[in-house]
Undergrad: 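Here it is, the structure in full.
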Amino acid sequence: MIDLKLLQKDFDGVSRALMRKKVTLETINTLKERSELLKTAKATFEASQAEQNAMSKLFGQYKREGKDINELKAKVDANKAKTAELQESMRQAEESLTTLIMGIPNTPDADVPDGESEDDNVEIKKVLTPKSFDFTPKEHWELAEQNGWIDFERGVKISKSRFSVSYADGARLERALINFMLDFNRERGFVEVSVPVIVNRRSLEATGQLPKFEDDLFKIEDENLFLIPTAEVPLTNFFRDEIISADKLPVLMNGYTPCFRKEAGSAGRDTRGIIRQHQFHKVELVAFTKQENSDKIFDKMVQTASDILTALELPHRLVQLCTGDLGFGAAKTIDLEVWLPGQNTYREISSISNTRDFQARRAKIRYKEGKKNLLVHTLNGSALAVGRTMVALMENGQNEDGSISLPKVLDKYL
RNA sequence: AGAGAGGUGGCCGAGUGGUCGAAGGCGCACGCCUGGAACGCGUGUGUAGUUUAUUCUACCGAGGGUUCGAAUCCCUUCCUCUCUGCCA
């Protein structure tokens with residue numbers, strides 16, 4: 001949620017930032033109007049309520065002293081009706097503001113490049129050089145089938161399209177990667193956490209998936225519960241409605257979960273293979289920091305994810321997302337894209353975001369600084385998407401006969 | 001899933017219509033005491049909005065109702081605990 005006080009104070013600055021995220025000036029103006037309306041409505045109501053409270057107190061006093069209450073009662077009755085009306089209009093103002101603001105994205109950082117789509121993202125650097133093959137490298141689905149690692153048809157039979165089965169060495173590699181990543185992140189200071197993969201509506205509102213993106217989520221019928229699209233949701237909600245003592249910060253977490261996404265709107269994209277599945281494994285980093293430290297922790301998270309790829313000997317690059325590609329809650333995002341020789345391109349394998357206080361304001365996660373309670377900054381990032389890591393290992397490690405050489409860091413996990 | 005009990009501040013816990021944002025205790029912070037510490041004593045200690053500030057408003061799981069006035073009465077709902085059932 002964006003900072004309404006800041007909008008009041010620096011309307012031009014905030015609206016300029018929001019317009020970079022394609023929020024129309026009309027919407028921003030409405031937002032400002034509604035927040036001012038609420039403020040006045042609240043003030044009027046509270047004044048009337050104060051009057052009511054004062055008279056009610058008098059009422060008790062009169063009764064105790066045996067005074068006549070008829071006149072007072074008439075006054076109090078009249079004020080009561082007025083107060084109820086004021087309260088109702090305050091409620092309406094509140095509701096219309098909430099509805100609007102919950103759908104407003106975060107403001108991008110000043111240094112985020114402008115752009116329309118992923119084509120305008122800015123490459124920051126490349127790590128490791130893709131090796132050249134003296135044969136035509138295959139795509140991962142071919143290798144996966146040839147090695148008996150992934151069974152696509154049976155995944156569809158058991159569930160539906162965009163589901164697959166990892167099998168034998170494929171399943172073992174998957175598990176090895178999860179363990180490897182969890183250990184790697186833990187050694188970097190991220191405490192391992194295992195969380196529910198089914199969460200309630202409030203949790204998804206806090207992180208920003210709801211109310212706007214309900215169509216992307218698998219919902220449990222009749223329960224008002226949802227399958228998580230990322231461990232970011234349960235991990236970030238760990239501290240929801242809490243005040244963390246400042247000396248505990250930063251809190252760095254690391255968790256593995258399966259993730260579930262409907263992939264509505266991506267029909268026809270990545271239909272072959274396991275690049276885009278309804279269910280996939282991911283190890284996620286989440287951090288809670290003091291406001292002044294989130295940039296530092298952000299860099300640490302990017303470095304950690306990049307180092308995992310390096311340890312796995314996977315060539316990759318860092319890309320800073322432009323405003324047009326930035327997610328709903330993110331102020332700043334760096335994607336890690338891994339080289340896929342079969343596809344002859346870099347593909348996203350991790351996305352690391354600083355949401356600053358956007359999620360913290362929705363989730364009411366604060367810390368105490370002196371006498372004041374401040375919103376934490378929350379950050380999240382994959383380290384890494386497991387399925388896509390398998391894809392990269394297959395395509396980069398393939399030999400001419402279709403067998404696959406795996407990096408030696410995985411030896412002790414296999 | 002059935003039966004019962006219950007949800008109050010960081011924690012425990014009192015409070016059945018007004019003087020209750022809420023006794024008391026624990027914890028925590030500061031001060032006194034001490035060579036230093038424990039003990040003891042004193043003071044302070046919820047969140048959010050509003051205001052320059054005092055103030056004021058809201059919050060005793062959530063939502064609604066009764067009333068001039070609700071932590072307290074009524075309704076709905078969520079959650080927790082105990083027993084029974086089921087089950088990794």
Side-chain angles (χ1 to χ4, degrees), chain A residues 1-9 31-32 34-99 101-102 194-206 210-211 219-226 234 237-249 251 257-258 288 357-376:
Chain A
M1 206 152 71
I2 65 157
D3 186 352
L4 278 175
K5 271 190 204 156
L6 191 65
L7 181 77
Q8 305 270 4
K9 218 167 61 187
L31 187 66
K32 186 167 189 247
R34 288 189 191 178
S35 80
E36 275 162 2
L37 183 71
L38 175 61
K39 205 172 157 177
T40 0
K42 219 170 184 172
T44 345
F45 161 70
E46 284 180 2
S48 179
Q49 181 67 255
E51 218 178 302
Q52 186 77 3
N53 289 345
M55 285 194 281
S56 288
K57 229 168 212 175
L58 255 187
F59 199 99
Q61 198 183 317
Y62 277 27
K63 270 191 115 169
R64 248 174 285 127
E65 292 167 0
K67 285 191 188 164
D68 177 48
I69 33 182
N70 286 330
E71 195 184 333
L72 182 62
K73 175 134 168 58
K75 263 167 77 181
V76 125
D77 278 338
N79 191 60
K80 189 188 180 184
K82 187 185 90 186
T83 308
E85 271 172 44
L86 289 172
Q87 183 170 30
E88 183 50 31
S89 47
M90 180 186 77
R91 253 183 225 153
Q92 279 172 17
E94 212 161 29
E95 197 188 314
S96 72
L97 178 64
T98 306
T99 310
I101 200 173
M102 287 298 276
S194 178
V195 286
V197 300
I198 297 175
V199 298
N200 57 36
R201 183 171 283 276
R202 176 85 168 80
S203 291
L204 287 153
E205 283 168 353
L210 290 180
K219 187 175 181 184
I220 316 268
E221 246 180 285
D222 306 326
E223 292 280 356
N224 216 9
L225 293 169
F226 300 82
N237 275 277
F238 187 86
F239 286 121
R240 169 153 54 81
D241 297 322
E242 293 191 32
I243 298 170
I244 310 171
S245 77
D247 55 19
K248 287 219 170 67
L249 294 175
V251 176
T257 66
F288 306 84
D357 61 13
F358 185 82
Q359 291 179 327
R361 186 171 290 108
R362 289 176 164 231
K364 298 190 170 66
I365 307 173
R366 292 145 294 170
Y367 66 101
K368 211 173 258 300
E369 185 81 58
K371 276 199 153 286
K372 288 200 78 170
N373 292 325
L374 300 172
L375 294 167
V376 299

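Each chain gets a letter, A, B and so on, in the order the sequences are listed, and its residues count up from 1.
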Undergrad: Between F59(A) and Q49(A), just flag the one whose closest nucleotide in RNA chain B comes earlier from the 5' side.
TA: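 Taking each residue's closest nucleotide, the earlier one in sequence belongs to Q49(A).
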
Undergrad: Sticking with atom P, work out how far G61(B) lies from U52(B), rounded to a whole angstrom.
TA: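 Comparing P positions in G61(B) and U52(B) gives a spacing of 34 Å.
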
Undergrad: Send over the distance from M90(A) CE to C59(B) C1', rounded to a whole Å.
TA: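 Value for this atom pair: 12 Å.
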
Undergrad: Could you state the CG-C1' distance from L225(A) to C79(B), rounded to the nearest angstrom?
TA: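 Distance check: L225(A) CG to C79(B) C1' gives 13 Å.
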
Undergrad: Could you state the atom-to-atom distance from CG of N79(A) to P of G69(B) in whole Å?
TA: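 Computing the N79(A):CG to G69(B):P distance gives 10 Å.
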
Undergrad: Do L38(A) and M90(A) have side chains that get closer than 4.5 Å, going by heavy atoms?
TA: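 SC-SC contact between L38(A) and M90(A) confirmed.
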
Undergrad: Quick one: on RNA chain B, does V76(A) or A54(A) contact a more 5' nucleotide (nearest heavy atom)?
TA: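 By nearest-heavy-atom nucleotide position, the 5'-most residue is A54(A).
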
Undergrad: What distance, rounded to whole Å, do you find between the two C1' atoms, one in G2(B) and one in A88(B)?
TA: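 Nearest-Å result for G2(B) against A88(B) at atom C1': 22 Å.
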
Undergrad: Between C1' on U47(B) and NZ on K372(A), what's the gap in Å once rounded to a whole number?
TA: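 After rounding, the gap between these two atoms is 14 Å.
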
Undergrad: Rounded to the Å, how far apart are F239(A) CZ and U47(B) P?
TA: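 After rounding, the reported distance stands at 18 Å.
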
Undergrad: Give the rounded distance in Å between these two atoms: NZ of K57(A) and C1' of U67(B).
TA: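 Interatomic distance, NZ of K57(A) to C1' of U67(B): 17 Å.
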
Undergrad: Can you tell me, in whole Å, how much space there is between the C1' of C60(B) and that of C11(B)?
TA: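 The answer is 16 Å between these two C1' atoms.
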
Undergrad: Rounded to whole angstroms, how far apart are CZ on R240(A) and C1' on C79(B)?
TA: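 So the two atoms are 13 Å apart, to the nearest Å.
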
Undergrad: What nucleotide, of C68(B), U47(B), C56(B), holds the atom closest to the side chain of A50(A)?
TA: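 That would be C56(B).
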
Undergrad: Distance check, rounded to the nearest 0.5 Å: Q52(A) atom CD versus F59(A) atom CZ?
TA: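 Nearest 0.5 Å value for the CD-CZ distance: 10.5 Å.
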
Undergrad: With a 4.5 Å heavy-atom cut-off, do E205(A) and M1(A) have their side chains touching?
TA: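 Heavy-atom side-chain distance check fails, nothing below 4.5 Å.
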
Undergrad: Under the rule for side-chain contact (heavy atoms from CB on, under 4.5 Å), what residues qualify as partners of L4(A), not counting sequence neighbours?
TA: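 Applying side-chain contact (heavy atoms from CB on, under 4.5 Å) to L4(A) gives L7(A), L31(A), S35(A), L97(A), I101(A).
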
Undergrad: Determine: side-chain N/O of K80(A) to OP1/OP2 of G69(B), distance under 4.0 Å, yes or no.
TA: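 True: K80(A) side-chain N/O within range (under 4.0 Å) of G69(B) OP1/OP2.
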
Undergrad: Looking only at the side chain of N53(A) (C-beta and beyond, no hydrogens), which of the listed nucleotides U47(B), U67(B), A58(B) gets closest?
TA: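 The answer is A58(B), which lies nearest to the side chain.
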
Undergrad: Considering all heavy atoms of both residues, which atom of R361(A) and which atom of I2(A) are nearest to each other, and what is their separation?
TA: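 Nearest heavy atoms, R361(A) then I2(A): NH1-C, 3.4 Å.
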
Undergrad: Could you measure between the two C1' atoms, the one in G25(B) and the one in C32(B), and give it in whole Å?
TA: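 Taking atom C1' in both G25(B) and C32(B), they lie 23 Å apart.
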
Undergrad: In whole Å, measure the gap between the P atoms of G17(B) and A70(B) for me.
TA: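 Here G17(B) and A70(B) have their P atoms 14 Å from each other.
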
Undergrad: Has R362(A) got a side-chain atom pairing as donor or acceptor with M102(A)'s backbone, closer than 3.5 angstrom?
TA: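 Answer holds: yes.
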
Undergrad: Counting only side-chain N and O atoms of K368(A), is one of them less than 4.0 Å from OP1 or OP2 of U47(B)?
TA: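 Yes, such a contact exists.
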
Undergrad: How does RNA chain B read in dot-bracket, base by base from 5' to 3', with Watson-Crick or G-U pairs under 3.5 Å and | used when the partner is on another strand?
TA: ((((((((.[[[..)..(.....]]]((((((.......))))))((((......)))).[[[[[..)....]]]]])))))))....

Undergrad: If we take the P atom in both A71(B) and U57(B), what is their distance in whole Å?
TA: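 My reading of the P atoms in A71(B) and U57(B) gives 13 Å.
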
Undergrad: Taking side chain as C-beta onward, heavy atoms only, is K219(A) less than 4.5 Å from N224(A)?
TA: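 Counting from C-beta outward, K219(A) and N224(A) do come under 4.5 Å.
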
Undergrad: Atom CG of N200(A) and atom CZ of F226(A): how far apart are they, to the nearest 0.5 Å?
TA: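 Those atoms lie 9.5 Å apart.
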
Undergrad: Looking at R91(A) and E95(A), is any side-chain nitrogen of the basic one under 4.0 Å from a carboxylate oxygen of the acidic one?
TA: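 Judged by the 4.0 Å cut-off on N to carboxylate O distance, E95(A) and R91(A) do not form a salt bridge.
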
Undergrad: Measure from the side-chain N and O atoms of N237(A) to the backbone N and O of S203(A), and report whether any donor-acceptor pair falls under 3.5 Å.
TA: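 It does hold such a pair.
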
Undergrad: What integer distance in Å separates D241(A):CG from G10(B):P?
TA: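 Taking atom P of G10(B) as the reference, CG of D241(A) is at 12 Å.
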
Undergrad: Could you work out the separation of U82(B) and U77(B) based on their P atoms and round it to a whole Å?
TA: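 About 24 Å, rounded to a whole number of Å.
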
Undergrad: Between C30(B) and G49(B), how far apart are the two C1' atoms, rounded to whole Å?
TA: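 The same atom, C1', in both gives a distance of 29 Å.
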
Undergrad: If you restrict it to nitrogen or oxygen atoms, what contacts under 3.5 Å exist between nucleotides 48-52 of chain B and the protein, and what is each distance?
TA:
from	atom 1	to	atom 2	distance (Å)
A48(B)	OP1	R366(A)	NH1	3.4
A48(B)	OP2	N373(A)	ND2	3.2
G49(B)	N2	E46(A)	OE1	3.3

Undergrad: Minimum heavy-atom separation for V376(A) and Y367(A), please, with both atom names.
TA: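 Here V376(A) and Y367(A) meet closest at CG1-CD2, 3.5 Å.
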
